[in-house]
There are 2 protein chains.
Amino acid sequence: MHKDHKEIGLLRDHLAKHQLKLTRQREQILNVFLRMEHITAEQMYRMLAKKDPHIGLATIYRTLNLFCEAGLAQARHFGTQTQYDNISHKGHHDHLICTDCGKIVEFENCDIERLQEEVARRNGFTIKTHKLELYGVCTNCRH
Amino acid sequence: MHKDHKEIGLLRDHLAKHQLKLTRQREQILNVFLRMEHITAEQMYRMLAKKDPHIGLATIYRTLNLFCEAGLAQARHFGTQTQYDNISHKGHHDHLICTDCGKIVEFENCDIERLQEEVARRNGFTIKTHKLELYGVCTNCRH
DNA sequence: TCACTATTGAGATGGTGAATCAATTTCATT
DNA sequence: AATGAAATTGATTCACCATCTCAATAGTGA
């Protein structure tokens, strides 16, 4: 029993439930995906480029979207590209972003998280992940 | 003194500070922008299409990005397009998003806002805006 | 007004992600 | 193991959004 192969079970469940099939490509893409916190289709493509039978870019996209449907991944539009976040890795760091110099500070705040859960519960939601970005001006840029 | 022309001052400040110019196009685009809560470049283009001297799509994109730099707007990738949110209109509604059906619920929570200010202060930041999105599953989709 | 510089607009370009479809692979059933 | 229906793959094409290019134009400080 491997410690990091809980997710393949989740994937198998989803595949079985939707009459989909477990292919070599899906396994290979999952193996790479599980080791990353987040990845783009392009990055994944490059990482798998040296595999013996090539994996096409279209398959990468399809499979990452499949992971989203199976609840393993979550798509996030970042700049022009789509980041596929690994849900199991969610040591979610939130961000403070300086709109002047672009400096980014990561933070984590349990109180905020608790309040988020509360808001979600009041609205009947079960939170899987979140994104919190604070935009402002840092000390240096305030002159 | 017009009540809705505070933003043109902000824009002028930004332009002056960066040696940029106030053009007819920028004024027209601002006028439309100020009346919308959020808008895409494509929408803006269509709304200005009947103006006497045409405004090119490239200019729309450039100007909306300028507004972001000036702190009047905030870009948000939604689906395949980019939404430009009018910051002055946002009685900052944050979002609860169902990853299954796409349902979006807006909410506001003063306690969270207060904690955000605190985090920012501890890091030497002065917050201008923020973006908070909670992703999860809504009641209907949980079966 | 002048001169300098930023801006504009039409079109070309780039880049992401999805659609197509013939060939291939999976897997439940023999 | 073999079969065959159904899903998957991958090379390519396609659609779309946003940015870049560059000659012509317009704003601004003197």
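No hydrogens, no waters, no symmetry mates; every other heavy atom, side chains included, goes into these values. Proteins get letters first, then strands, A, B, ... in listed order; numbering begins at 1 in each.
- Aromatic ring orientation, B:Y45 versus B:H54: perpendicular (interplanar angle above 60°, classes split at 30° and 60°).
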| query | For every nucleotide of nucleotides 15-23 of chain D, 5' to 3': is a protein heavy atom under 4.0 Å from its base (B), only from its sugar-phosphate (S), or from neither (-)? | reply | --SBBBB--
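- The residue among A:T23 and B:R24 whose nearest nucleotide of DNA chain D lies closer to the 5′ end is A:T23.
- With B:N123 contributing its side chain and B:F125 its backbone, the two residues share no donor-acceptor pair below 3.5 Å.
- One interatomic measurement links the two molecules: CG of B:L11 to P of C:dT7, which rounds to 11 Å at whole-angstrom precision.
- Atom CZ in B:R26 sits roughly 13 Å away from atom C1' in D:dT28 (whole-Å rounding).
- Look at CD on A:Q28: it is 11 Å from P on D:dT9, rounded to the nearest Å.
- Taking atom CG on B:L22 and atom P on D:dG29, their separation rounds to 11 Å, with Å as the unit.
- In this structure, the nucleotide among C:dG9, C:dT7, C:dT26 sitting nearest to the side chain of B:L20 is C:dT7.
- Judged by closest nucleotide on DNA chain C, B:L66 is the one of A:Q25 and B:L66 placed further toward the 5' end.
- Computed from coordinates, the B:I29 CD1 to C:dT8 C1' distance equals 10 Å when rounded to whole Å.
- The main-chain N or O of A:A73 is never found under 3.5 Å from a side-chain atom of A:D85 such that the two would form a donor-acceptor pair.
- Taking all atoms of both residues into account, the shortest heavy-atom contact from B:A41 to B:L57 is O-CD1, 4.1 Å.
- Residue B:R26 comes nearest to B:F67 through the heavy atom pair O-CZ, 4.1 Å, listed as atom of the first residue, atom of the second, then distance.
- Separating the CD1 atom of A:I60 from the P atom of C:dT16 is a distance of 14 Å, rounded to the nearest angstrom.
- In terms of polar N and O atoms assigned as donor or acceptor, the side chain of B:K21 comes within less than 3.5 Å of the base of C:dT5 in a complementary pairing.
- A:T63 contributes a side-chain N or O that, together with a main-chain N or O of A:T59, makes up a donor-acceptor pair within less than 3.5 Å.
- Atom CE of B:M44 is separated from atom P of C:dT8 by 13 Å (rounded to the nearest Å).
- One atom, NE2 of B:H18, and another, P of D:dT28, lie 16 Å apart when rounded to the nearest Å.
- Ion pair A:R122/A:E118 flagged as a salt bridge, since at least one NZ, NE, NH1 or NH2 atom sits closer than 4.0 Å to an Asp/Glu carboxylate oxygen.
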